[in-house]
Structure formats: C-alpha cells, structure tokens
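Data first, discussion second: the structure below is written as structure tokens.
All residue numbers refer to positions in the sequence shown, counting from 1.
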Amino acid sequence: LTLQCYYSAAVWLSRKYKLDGLLLPDIFSKELGLTPVDDPEENLRLLARCHKELSGSYVNWLATYQHAEQVWRKGLEWKPSRMRTSMTSIPTSSNTCKS
C-alpha cells in the first residue's frame, strides 16, 4: 500500500511540475479505487484521503507527500559541482565494516 501510494504521489508531482522526459504512468489509481482528475493537486488530496482510509492510520498523508516533494525539489537544486566540492572534504578511513 505504501509503495502504491508513494508511487502515485510521484506520478502527480511529476505532472504538477511537467518534468521534461519524465511522465510516470499511472498504474495504481484503479487498484486504489481512485478516479484521477486533470488537477494534480486534487489528485494528491484524493490520494491522501484514500491512503488514510486504506491504511487506517491518522497520518497526514498529504503533508507527508508535500515533505517528500520539498526534499526532492531541494535535491534538484543541488548542483553537481557543489557535490564534487563537498565530496572532496569528506575524510576517508582505512577502516572497513565487519560482518
């Protein structure tokens, strides 16, 4: 259920931002009992309500999807050059993990 709902949220977020080359197919709406509309924001609200009902949880799923969106958008702002710079400052160690 969680995978289906988070994937569906990604579908509606990708449509909300009209990402070039990224059009995720809506594969779970029918299974979740949702009838999508043209407005991605409304689809997220419907999905959150459905997620709450199906899970029996009182989690604010819409806010959870919105938080995931914020983290994702922040990642889009992350520049590869900044990543290379920050990666060079990571200390290395000869220690290895032991099983």
Side-chain angles (χ1 to χ4, degrees):
L1 175 65
T2 301
L3 172 68
Q4 292 171 325
C5 291
Y6 269 95
Y7 175 85
S8 296
V11 167
W12 305 127
L13 289 170
S14 71
R15 293 180 186 184
K16 174 181 174 181
Y17 290 102
K18 297 178 175 77
L19 298 174
D20 292 334
L22 180 63
L23 183 59
L24 299 172
D26 176 17
I27 56 178
F28 294 118
S29 287
K30 270 188 181 177
E31 195 172 328
L32 292 169
L34 296 173
T35 305
V37 297
D38 290 335
D39 180 11
E41 285 289 335
E42 181 61 21
N43 289 329
L44 286 168
R45 285 190 287 276
L46 293 169
L47 176 63
R49 190 175 316 130
C50 176
H51 198 165
K52 183 177 180 177
E53 290 172 11
L54 292 175
S55 69
S57 172
Y58 291 99
V59 171
N60 182 342
W61 291 110
L62 182 58
T64 303
Y65 305 146
Q66 290 168 338
H67 178 260
E69 173 188 2
Q70 291 169 350
V71 171
W72 170 67
R73 289 184 63 181
K74 187 173 184 177
L76 290 178
E77 295 169 4
W78 189 256
K79 303 287 186 229
S81 62
R82 287 175 54 195
M83 187 172 172
R84 280 192 296 274
T85 303
S86 64
M87 291 297 285
T88 59
S89 65
I90 297 174
T92 58
S93 172
S94 61
N95 294 336
T96 58
C97 295
K98 296 185 171 118
S99 306

Run the side-chain donor-acceptor check on residues 22-35: report pairs under 3.5 Å with partners two or more places apart or on a different chain.
from : atom 1 : to  : atom 2 : distance (Å)
D26  : OD1    : S29 : N      : 3.3
D26  : OD1    : S29 : OG     : 2.8
D26  : OD2    : S29 : OG     : 2.7
E31  : OE2    : Q4  : NE2    : 2.6

Start with the C-alpha distance between R49 and K52, add both sets of side-chain angles, then the distance that settles side chain to side chain contact (heavy atoms under 4.5 Å, CB included), and finish with yes or no.
CA-CA 5 Å; R49 190 175 316 130; K52 183 177 180 177; 5.8 Å; no

Check P40 against D38 and note the closest heavy-atom contact, atom names and distance.
CD-O, 3.3 Å

Heavy-atom closest pair (Y65 atom, L13 atom, distance to 0.1 Å) is O-CD1, 4.3 Å

Contact between C50 and L46 at the side-chain level, heavy atoms closer than 4.5 Å - yes or no?
no

Is a side-chain N or O of N43 found less than 3.5 angstrom from the main chain of V37, in a donor-acceptor match?
yes

Closest non-hydrogen contact found for W12 with P36 is CH2-CB, 3.5 Å

Please report, to 0.1 Å, the donor-acceptor pairs under 3.5 Å made by any side chain of residues 67-75, with sequence neighbours excluded.
from : atom 1 : to  : atom 2 : distance (Å)
E69  : OE2    : K16 : NZ     : 3.2
E69  : OE2    : Y17 : OH     : 2.1
R73  : NH1    : Y17 : OH     : 2.8

Where L62 and R45 come nearest, the two heavy atoms and their spacing
CD2-CG, 3.8 Å

